[in-house]
Amino acid sequence: LADSERASAEQDIRQIGVLIEQSSAAIGRAVAEGGLGSEAAAALTEELDSIADGLSISELDSAGNALIRVCQALDDGE
């Protein structure tokens with residue numbers, strides 16, 4: 001990758017990491033408020049943790065696809 005592309009990808013990774021942290025906190029609040037069941041919360045948390053653990057330049061596409069699946073699960077009410 002060119003230096004500018006690498007820097008952009010690294011910035012994307014940092015931003016995705018922050019969004020995952022915010023999402024994890026929101027899951028906890030949703031459970032506390034009764035808007036999300038503990039089983040669904042555990043599954044979402046596991047998926048987000050897995051995405052965060054695998055974040056790298058070479059895995060950005062996979063992370064994006066996994067995040068789309070999480071959003072779809074939320075839309076479906078899972």
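Source: prediction; values computed, not measured.
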Nearest 0.5 Å please: distance from the CD1 atom of Ile13 over to the CZ atom of Arg6. 9.0 Å

Side-chain donor-acceptor pairs of residues 18-43 under 3.5 Å, sequence neighbours excluded:
residue : atom : partner : partner atom : Å
Ser23   : OG   : Leu19   : O            : 2.9
Ser24   : OG   : Ile20   : O            : 3.1

Under 3.5 Å, sequence neighbours excluded: what are the donor-acceptor pairs made by side chains of residues 46-65?
residue : atom : partner : partner atom : Å
Ser56   : OG   : Ser58   : OG           : 3.2
Ser56   : OG   : Glu59   : N            : 3.3
Glu59   : OE1  : Ser62   : OG           : 3.2
Asn65   : ND2  : Asp61   : O            : 3.3

